[in-house]
Amino acid sequence: MGKIGLQLKATLENITNVRPVGEDFRWYLKLKCGTCGEVSEKWQYLRLMDNHPLKGGRGSATMVQKCKLCSRENSIDILSHTIKPYNAEDNETFKTIVEFECRGLEPVDFQPQASFHYFFAGHLCTSGAGFVAEGAESGTPFTDINLLEKDWNDYDEKKKESVGIYEVTHKFVKC
């Protein structure tokens with residue numbers, strides 16, 4: 001299958017440098033088996049920090065999984081050097097923000113989730129990392145941006161103006 005890029009398109013308002021943060025950022029994907037065409041029912045996530053050995057000692061990948069339908073072992077790898085921010089100059093155009101090396105698995109859908117919160121032993125815990133960005137002119141940092149609803153907005157105190165990310169959409173392209 002080779003390399004497949006995830007392209008993002010959004011309308012940015014007074015914001016730039018939108019990017020995932022950390023090796024524990026979760027890329028939520030629906031994946032299709034290249035052999036039988038079976039598509040995962042549930043969202044599956046990939047993280048840079050994950051590394052699993054391939055069968056037969058042929059290296060490793062971010063995710064290695066056996067297809068439920070045809071039993072073929074497939075893998076997908078995040079190519080960390082391809083992770084790019086979505087900037088103000090990219091506004092309303094598709095831009096590749098990450099590439100995946102696909103061996104038997106093909107991403108068919110993406111869900112831009114942020115970190116999630118849960119209770120453990122009576123304490124509120126946070127897992128994963130979200131998107132971050134900066135004010136286009138002020139450089140004000142905005143953290144833990146959740147794009148799940150395809151829209152996000154806030155207020156930049158330094159510039160006294162609203163900031164936002166709207167109409168987030170995506171597509172996959174062969175690289």
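Computation of the quantities below employed the complete heavy-atom set of this structure, encompassing side-chain atoms and omitting hydrogens, waters and symmetry-equivalent molecules.
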Donor-acceptor under 3.5 Å (Asn87 side chain, Glu89 main chain): no
Whether Lys30 side chain and Pro107 backbone form a donor-acceptor pair below 3.5 Å: no
Common cluster, Phe110/Ile83, ILVMFWY with side-chain heavy-atom separation under 4.5 Å: yes
Lys150, NZ atom: more than 12 neighbouring heavy atoms under 6.0 Å: yes
Which residues share a side chain to side chain contact (heavy atoms under 4.5 Å, CB included) with Lys160, sequence neighbours left out: Tyr155, Glu157
Spacing of Leu46 atom CG and Arg26 atom CZ [to the nearest 0.5 Å]: 11.0 Å
Atom pair CD (Gln44) and CD (Gln111), whose distance is rounded to the nearest 0.5 Å: 12.5 Å
Interatomic distance, Glu101 atom CD to Ile78 atom CD1 [nearest 0.5 angstrom]: 12.5 Å
Sub-4.5 Å side-chain heavy-atom contact between Val18 and Ile145: no
Partner residues of Asn153 under the side chain to side chain donor-acceptor pair (under 3.5 Å) criterion, sequence neighbours left out: none
Euclidean distance, Lys174 NZ relative to Cys102 SG, rounded to 0.5 Å: 8.0 Å
Residue list, side chain to side chain contact (heavy atoms under 4.5 Å, CB included) with Lys84, at least two apart or on another chain: Lys95
With Asn91 via side chain to side chain contact (heavy atoms under 4.5 Å, CB included) - residues at least two apart: Thr11, Leu12
Which residues share a salt bridge (Lys or Arg N to Asp or Glu O under 4.0 Å) with Asp156, sequence neighbours left out: none
Contact list for residues 49-62, test salt bridge (charged side-chain N to carboxylate O under 4.0 Å, His left out), sequence neighbours left out: Arg47-Asp50
Counterpart residues, side chain to side chain donor-acceptor pair (under 3.5 Å), relative to Asn51 (two or more places apart): Ser60
Set of side chain to side chain donor-acceptor pair (under 3.5 Å) partners for Thr143, sequence neighbours left out: none
Audit row: Ile165, Ile15, side chain to side chain contact (heavy atoms under 4.5 Å, CB included) steps and yes/no: CA-CA 8 Å; Ile165 305 168; Ile15 200 134; 4.0 Å; yes
Mutual orientation of the aromatic rings belonging to Trp27 and Phe131 [parallel < 30°, tilted 30-60°, perpendicular > 60°]: perpendicular
Cluster link Leu147 to Phe25, ILVMFWY, side chain under 4.5 Å: yes
For the student: nearest non-hydrogen atoms of Thr16 and Ala88, plus distance: OG1-N, 2.9 Å
Ser75 and Leu54: CA distance, side-chain angles, deciding distance, side chain to side chain contact (heavy atoms under 4.5 Å, CB included) verdict: CA-CA 8 Å; Ser75 65; Leu54 295 171; 3.7 Å; yes
Asp109 side-chain N/O to Leu29 backbone N/O, donor-acceptor pair under 3.5 Å: no
Shortest non-hydrogen contact between Asp77 and Thr62, atoms and distance: OD1-OG1, 2.6 Å
Phe172 vs Leu6 side-chain heavy atoms within contact, under 4.5 Å: yes
Whichever hydrophobic residues join Val39 through chains of side-chain contacts under 4.5 Å: Val108
Minimum heavy-atom distance Gly5-Cys175, with the two atoms named: N-SG, 3.3 Å
Non-hydrogen atoms of Asn74 and Cys33 that approach each other most closely: ND2-SG, 3.6 Å
Distance-minimising heavy-atom pair for Val168 and Ala10: CG2-CB, 4.0 Å
Taking every non-hydrogen atom, the tightest pair across Arg103 and Ala61: NH1-CB, 3.9 Å
Nearest-0.5 Å distance, CG of residue Asp90 to OG1 of residue Thr96: 10.5 Å
Under 3.5 Å: donor-acceptor pair, side chain of Asp151, backbone of Glu167: yes
Chi angles and distances behind the side chain to side chain contact (heavy atoms under 4.5 Å, CB included) call for Leu31, Met63: CA-CA 11 Å; Leu31 301 167; Met63 175 187 276; 3.7 Å; yes
Same apolar cluster (I L V M F W Y, side chains within < 4.5 Å links), Val98/Ile4: yes
Spacing of OG1 belonging to Thr169 relative to CD belonging to Glu92, to within rounding of 0.5 Å: 12.5 Å
Chi angles and distances behind the side chain to side chain contact (heavy atoms under 4.5 Å, CB included) call for Glu38, Cys70: CA-CA 9 Å; Glu38 176 76 3; Cys70 71; over 6 Å; no
For Tyr45, all residues meeting ring pair (Phe, Tyr, Trp, His ring centres under 6.0 Å), sequence neighbours excluded: Tyr28
Residues in side chain to side chain contact (heavy atoms under 4.5 Å, CB included) contact with Lys171, at least two apart in sequence or another chain: Gln7, Phe94, Val173
Salt bridge (Lys or Arg N to Asp or Glu O under 4.0 Å) partners of Lys159, counting only residues at least two apart: Glu137
